[in-house]
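Please read all numbers here as calculations on a predicted model, not as lab measurements. Heavy atoms only: backbone and side chains are in, while hydrogens, waters and symmetry mates are out. Position 1 is the first residue of the sequence; numbering continues from there.
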Amino acid sequence: MKKIQRILAILGIVLLLGLYFATLILAILGKDFFPMFMAALFASMALPILLWLYGFIYKWVKKNSQQS
């Protein structure tokens, strides 16, 4: 289980770095790429929140299932 968690964590880091890099490049390119810039900006903020929420709910459900 630890190995899978480590691989998923590294994958998440690579994905976030890619989103940050894409956001930077799209910001530099200018007005023509504004919709893609906003999508990348939203994804770079929403993805960490969703990943944290998924982990929190997983731990909560796992803890509750072990108590029963």
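- Here the side chains of Leu50 and Tyr54 are not in contact, with every heavy-atom distance at 4.5 Å or above.
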Criterion side-chain contact (heavy atoms from CB on, under 4.5 Å) on Leu17 and Phe21, from CA distance to verdict
CA-CA 6 Å; Leu17 287 175; Phe21 183 70; over 6 Å; no
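- Atom CG of Leu8 is separated from atom CG of Leu15 by 11.5 Å, given to the nearest 0.5 angstrom.
- Note on Leu19 and Met36: separate hydrophobic clusters, where clusters join Ile, Leu, Val, Met, Phe, Trp and Tyr whose side-chain heavy atoms are under 4.5 Å apart, directly or indirectly.
- Within the model, atoms CE of Met45 and OG1 of Thr23 stand 8.5 Å from one another, a figure rounded to the nearest 0.5 Å.
- Here Trp60 and Phe56 keep their ring centres 6.0 angstrom or further from each other.
- Residues Pro48 and Ala43 come closest through the heavy atom pair CD-O, 4.2 Å.
- How far CD1 of Ile7 is from CG of Leu11: 9.5 Å, rounded to the nearest 0.5 Å.
- Among residues two or more places apart in sequence or in another chain, the ring-ring contact (aromatic ring centres under 6.0 Å, His included) test is passed with Tyr58 by none.
- When the shell of 6.0 Å around CD1 of Ile4 is examined, it contains 12 or fewer heavy atoms from other residues, nucleotides or ligands.
- For the side chain to side chain contact (heavy atoms under 4.5 Å, CB included) test, residues two or more places apart in sequence or in another chain that qualify with Leu29 are Ile25, Leu26, Phe33.
- Between atom CG of residue Leu24 and atom OG of residue Ser44 there is a gap of 11.0 Å, rounded to the nearest 0.5 Å.
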